[in-house]
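All residue numbers refer to positions in the sequence shown, counting from 1. Every number for a ligand or one of its atoms is a count from 1 in the order of the listing.
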Amino acid sequence: MKTTRRRFLKAGALLTPFTFIPEIFGKTTAVNKPLIISTWNFGVPSNAAAWTVLSKGGRALDAVETGVQVPEGDPTETSVGLGGLPDRDGRVTLDACIMDEHANIGSVACLEHIVHPISVARKVMEKTPHVMLVGDGALQFALANGFKKENLLTPESEKTWKEWLKKAEYKPVANIENHDTIGMLAMDKSGNLSGACTTSGMAFKIHGRVGDSPIIGAGLFVDNEVGAATSTGVGEEVIRIVGSHLVVELMRQGNSPFAACKKAVERIVKNQPQKSKEMQVGFLAINKNGEHGAFALQKGFTYALYTEEVPNKLFEAKSYY
Ligand code: SD4
């Protein structure tokens, strides 16, 4: 273990933002608990918020909820929560889910007018006998539970939508300008795992379209005995392979987080040999030993890691193409 740790520290000292993450990280590195990992550049401020919970000995569940609220509440992030790009009808519809160490789950899909869908998802988990609420029902539930109705369409997002309307070409584009879903996984001081995932989904989607992000097993999965995984990118392809569950099951079979993410991406390529060249999907995973890994279809998938030894750095995942 000592050797592994020294290797990690040595490698860690060389890391700078956008450092290419070596395969070794997913295979042999044991990081100190607690640990937070999350997708894309906005993972950095999100991890920082989540760390305030974990560093005080808080639950991983509270950490991930707190963490993903950061981009949800940021009007300049056009892919999550407030300021998210709308569907083709100009409506901002949000998807989110949350899962804890006891396999408790909660999810909302196609939810409008609520800045923090992740917190509504948590309420679904804790206050109802159900796991998923959608559309008007999810909004009604949120309002009944004290959430405030707000306009989530910022003037900037409205402008972008009106520009889009001129041609109204629908091409799901992921991984451009790093605007995408936040998926966050955490391990707390007790070694318990939780995860959260929240997004406004594909910009200019058909009204009612739901991606992978609120679907437990697709956009997020946690098994407290094995590990946790989350995804980002073209949700349709992640749903097709039930991606995050697949990654966790591959880890259960003995794969490292890195190898599990890679195999899940390869499954997408096998399903869509041509289409996979044009789209992005990325997976992020941690296991019970505190090892982590990531892999994507295309270059450019960044993620942020926060541990006691690596206090919040951005890395770029390896990719298939
Ligand atoms: C989705 N995986 O809704 C999400 C992310 C996304 O652009 O929309 N990315 O498919």
- Side chains of L111 and L139 in contact at under 4.5 Å (non-hydrogen atoms):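 Counting from C-beta outward, L111 and L139 do come under 4.5 Å.
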- Number the atoms of ligand 1 from 1 as they appear, then name those within less than 4.0 Å of a heavy atom of G233, with their elements.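 By the 4.0 Å cutoff, the relevant atoms are 1 (C), 2 (N), 4 (C), 5 (C), 6 (C), 9 (N), 10 (O).
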- Going by the atom numbers of ligand 1, which of them fall below 4.0 Å from some non-hydrogen atom of S213? 2 (N), 4 (C)
- Ring geometry between F204 and W164 (parallel below 30°, tilted from 30 to 60°, perpendicular above 60°): parallel
- With a 6.0 Å cut-off on ring centres, are F315 and Y303 close enough?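 They qualify: ring centres under 6.0 Å apart.
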- Message: Any nitrogen or oxygen of G211, side chain or backbone, less than 3.5 Å from one on ligand 1?
- Response: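 It does not: no N or O of G211 is found under 3.5 Å from an N or O of ligand 1.
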- Relative to atom 6 (C) of ligand 1, which among I215, V234, D180 owns the nearest non-hydrogen atom? D180
- Message: Can you check which of L85, D212, T230, T39 brings a heavy atom nearest to atom 2 (N) of ligand 1?
- Response: D212
- Do NZ/NE/NH1/NH2 and the carboxylate oxygens of K262 and E266 come within less than 4.0 Å? yes
- In Å, rounded to the nearest 0.5 Å, how long is the span from OG1 of T39 to CE of M184? 8.0 Å
- With heavy atoms only and a cut-off of under 4.0 Å, state how R209 meets ligand 1: side chain, backbone, both or neither.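 Side chain only.
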